[in-house]
Amino acid sequence: MLDLKFVRNNLDVVRESFKKRNSKLDVKDFEKLDGQRRELLQEVEVLKAERNATSENIAKIKREGGNADEIIARMGELSGKIKALDEDLKDIEAAEHDWLVSVPNIPDDSVPLGSSEADNPVTRVWGEKPVMDFEPREHWDLAVELGGVDFERAAKLTGARFAVLRKWGAKLERALTSFMLDIQTTEHGYTEIIPPYIVNRDSLYGTGQLPKFAEDLFKLENSEYFLIPTAEVPLTNLHRDEVLDESELSVAYCAATPCFRSEAGSYGKDTKGLIRLHQFHKVEMVRFAHPDTSFDDLELMTSHAEEILKRLNIHYRVITLCTGDMGFGSKKTYDLEVWLPGQDLYREISSVSNCGDFQARRANIKFKSKDAKKAQFVHTLNGSGLAVGRTFVAVVENYQQKDGSIVIPEALRPYMGGLEVITAES
RNA sequence: GGAGAGGUAGCGAAGUCCGGCCGUAACGCGCUCGACUCGAAAUCGAGUUAGGGGUCAAACCCUACGUGGGUUCGAAUCCCACCCUCUCCGCCA
C-alpha cells in the first residue's frame, strides 16, 4: 500500500496514477476520511491527555490518604466521552485503511501509458521462430499422444484444469525444475528455499493478494489457511516484520513450488492443455533490494529469467507492461513471452516486477544502514524463473519433429539421464 | 489429541501473586559515539523501540507489554476468548 502521508501530500500524483491505471478510485474519498480522522483524533487525544493527568492525580491523592471520590466521578464522565469518540474514530480509521489497501501501486515514470495488453510494447526479442517444414502440432495433442500427459484421468481424479504427468512427461517437469533451480542458485546467487505451500492471511495481505483478490485463492476449509498462488507469497513474507542490515542487500531467494489458483473468472479461457491449470509448478525468484538500486535489480532479475530460455535455445520476446495492464502491487513489470509454434502465438512464461516499497510497507520489511538512525522500507521484487509447466509446453512445441518425436534441448539432457529424443517408447 | 510452562525493546530478562510516577521499560548482552591506548582488549562515560497527531522546525501530546474483547476513575498486572512458542506423554511419514 501507499504511505498515508505520501497520499496526503501528493494527491495529484495519486489521482494521475488512478487515471493511468483506469482505476475508479477517487482521492476525494480519501481527503474526506483523512480530514475527519485527524479532526476526531485531535479531539480524543486532548481528552486522553486529561485522563492520564487526572489518573496520576488520583493515584497521588490516594497515596497520601486523601479522598478522590469527586474527581473519580468526573473521570467517569470523561472516560465515557473518550469511549464514544474512540468508537467513531475506529470506524473512520477502518474506512480509511480499507481505501488505502485497495489502492494499486503508482507506476514508475518509465512505464508506457496504455489501457490494455494491446498497448504493451515489445522491448526486445531473442532468437527466431524455428523453421518447420511441416504443420506444427499443439502440445495437448503431441504430448498426450506420446504418453507424457493425461488430461482425462486428471479430470477423473479431480476435475477440469488439472493434468497428470507420466513417464517422460513427469521426468521432463522434474528435469526443468532442477535445471532452473541449479542456474538460479549456482550461477545467479539465489538462496534456495522450500517454503510452506500453505500460508495464513497475514502473509497474503503482505504481498497484496488479500483483501482484494480473495476469489483467486484456494482457502482450506475450517481454517484460515490458503494454498499459495505463487511462491512470491512465502518468499517475500520470510522477512515480514523484520529489519535487515543494509550490507545484506540485495537478499535473493528462489523456490520451486506448486502454485494453486482458482482461476475464477477465466471460464472458457485457455481450457486446453497445460497453459492455465489450477495447479502448476513454478520456480520463483524474490529479491529484497535497496531503494536506490531496485530498478537495476529489476533488469538483473529479468536477465536471470531470460537466461533459462537462452540455455534452452527457445525464441522469446520481452514486453514492458503498460500502465493499464500492470499488476496491483507493481511499479514496473516485464513479461517474457515465449514462442509456441503449435499454437502460433507468444505466451507469457515469466513476469518480473519491481514492487518498490508497496509490499514492504504492508509486510513491514525494513533495512537499516549504519549512519541512518531510522530504518526504512526495502524494495521487493519478484519474478518467475520460470513457470515450469509453460516451459514444458515451450520445449514440446518448439522441439517437435516431423515424425512426432521431440528432441530434448542439449542443456536439459544431463537432467534427462542422457536422453536425446522423446518418442512413444520413452 | 492429553498435561504443563511461557509470549515485555535488536537479544536475554525483571515487573504480573497484591491494579496507580513501570514503558523514551530495572538489570545483563549487543550496537553507535567519546575518553584512555602506538593500536586493540579491558575499563570508564554518553546514546540506542516503533507508529500516529502536531509544528516551518521544535516543544508537546496520543497509542502499543502475543491478538481481540471485558471489568475499573485507572490494566503489563484482574476476567473471557483466540493465536503462537517451548517441554513431557500419545500418535505418525
Side-chain angles (χ1 to χ4, degrees), chain A residues 1-9 30-101 194-206 210-211 219-220 222-226 234 237-249 251 288 357-358 360-378:
Chain A
M1 72 179 165
L2 303 181
D3 179 42
L4 184 86
K5 284 182 192 162
F6 175 86
V7 176
R8 188 188 303 152
N9 298 326
F30 170 82
E31 274 186 289
K32 196 176 153 203
L33 287 168
D34 194 51
Q36 286 178 345
R37 180 181 64 88
R38 281 191 291 165
E39 202 177 309
L40 206 53
L41 193 62
Q42 285 174 39
E43 194 181 338
V44 75
E45 281 187 356
V46 168
L47 296 180
K48 280 182 178 173
E50 191 185 335
R51 180 178 66 182
N52 289 342
T54 311
S55 188
E56 256 178 58
N57 200 15
I58 291 172
K60 197 174 154 200
I61 291 171
K62 289 219 166 183
R63 232 179 296 125
E64 290 164 359
N67 186 310
D69 289 353
E70 201 179 315
I71 306 179
I72 288 175
R74 268 191 282 131
M75 270 283 270
E77 239 174 86
L78 184 62
S79 289
K81 233 188 274 179
I82 289 173
K83 204 169 180 180
L85 286 174
D86 260 343
E87 297 273 309
D88 296 347
L89 187 61
K90 214 161 126 187
D91 290 346
I92 291 173
E93 277 179 340
E96 189 175 16
H97 184 257
D98 287 351
W99 188 89
L100 217 52
V101 297
I194 297 182
Y197 305 150
I198 296 172
V199 293
N200 59 28
R201 278 184 185 277
D202 287 345
S203 294
L204 288 157
Y205 175 84
L210 289 180
K219 181 167 182 285
L220 300 187
N222 301 325
S223 83
E224 290 301 314
Y225 291 158
F226 298 79
N237 278 281
L238 279 175
H239 292 302
R240 170 150 51 84
D241 293 320
E242 290 184 18
V243 179
L244 305 172
D245 195 281
E246 187 179 31
S247 61
E248 298 176 78
L249 303 178
V251 177
F288 300 83
D357 62 7
F358 189 84
R361 185 170 290 109
R362 286 174 163 249
N364 189 28
I365 308 167
K366 297 182 173 178
F367 76 95
K368 202 169 178 179
S369 59
K370 278 217 156 63
D371 17 291
K373 48 215 170 302
K374 283 194 84 145
Q376 56 175 322
F377 292 116
V378 298

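Note that these values count all heavy atoms, side chains included, but never hydrogens, waters or copies made by symmetry. Convention: sequence-line order gives letters A, B, ...; per-chain numbering from 1.
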[options]: which one has an atom nearest the side-chain heavy atoms of [X]?
| X | options | answer |
| --- | --- | --- |
| A:Arg63 | B:U71, B:G20, B:G52 | B:G20 |
| A:Lys48 | B:G52, B:U63, B:U71 | B:U63 |
| A:Tyr225 | B:G20, B:C84, B:G52 | B:C84 |
| A:Met75 | B:A50, B:C73, B:G52 | B:C73 |
| A:Lys90 | B:G69, B:G54, B:C84 | B:G69 |

Would you say a side-chain N or O of [X] is under 4.0 Å from OP1 or OP2 of [N]?
| X | N | answer |
| --- | --- | --- |
| A:Asn52 | B:U63 | yes |
| A:Arg37 | B:G53 | yes |
| A:Lys5 | B:G53 | yes |
| A:Gln42 | B:C61 | no |
| A:Ser79 | B:G74 | yes |
| A:Arg38 | B:C62 | no |

Quantified in whole Å, what is the [atom1] atom distance between nucleotide [N] and nucleotide [M]?
| N | M | atom1 | result |
| --- | --- | --- | --- |
| B:C65 | B:U49 | C1' | 12 Å |
| B:C36 | B:A46 | C1' | 15 Å |
| B:U16 | B:C79 | C1' | 14 Å |
| B:A25 | B:G47 | P | 11 Å |
| B:U77 | B:G7 | P | 12 Å |
| B:C92 | B:G1 | C1' | 12 Å |
| B:A13 | B:G28 | P | 16 Å |
| B:A26 | B:A14 | C1' | 6 Å |

May I ask you to say what [X] touches in the nucleic acid, namely base, sugar-phosphate or nothing, with a heavy-atom cut-off under 4.0 Å?
| X | value |
| --- | --- |
| A:Arg51 | sugar-phosphate |
| A:Phe367 | nothing |
| A:Arg201 | nothing |
| A:Leu41 | sugar-phosphate |
| A:Lys62 | base |
| A:Glu56 | nothing |

Side chains of [X] and [Y], heavy atoms from C-beta outward: is any pair under 4.5 Å?
| X | Y | value |
| --- | --- | --- |
| A:Tyr205 | A:Met1 | yes |
| A:Gln376 | A:Phe367 | yes |
| A:Phe377 | A:Asn364 | yes |

Reading RNA chain B 5' to 3', what string of ( ), [ ], | and . shows its pairs, if Watson-Crick and G-U wobble pairs count only when both distances fall under 3.5 Å? ((((((((.[[[..)....(......]]]((((((.......))))))(((((......))))).[[[[[..)....]]]]])))))))....
Would you mind reading off the distance between [X] atom [atom1] and [N] atom [atom2], rounded to a whole angstrom?
| X | N | atom1 | atom2 | result |
| --- | --- | --- | --- | --- |
| A:Leu40 | B:G54 | CG | C1' | 16 Å |
| A:Ile82 | B:C62 | CD1 | P | 10 Å |
| A:Leu100 | B:G51 | CG | P | 16 Å |
| A:Ile61 | B:G20 | CD1 | P | 17 Å |
| A:Glu87 | B:G70 | CD | C1' | 13 Å |

So, the side chain of A:Asn200 versus the backbone of A:Ser203: is there a donor-acceptor pair under 3.5 Å, distance only? yes
Donor-acceptor contact below 3.5 Å, side chain A:Arg362 vs main chain A:Val101: yes
Any salt bridge between A:Arg38 and A:Asp34, counting N to O under 4.0 Å? yes
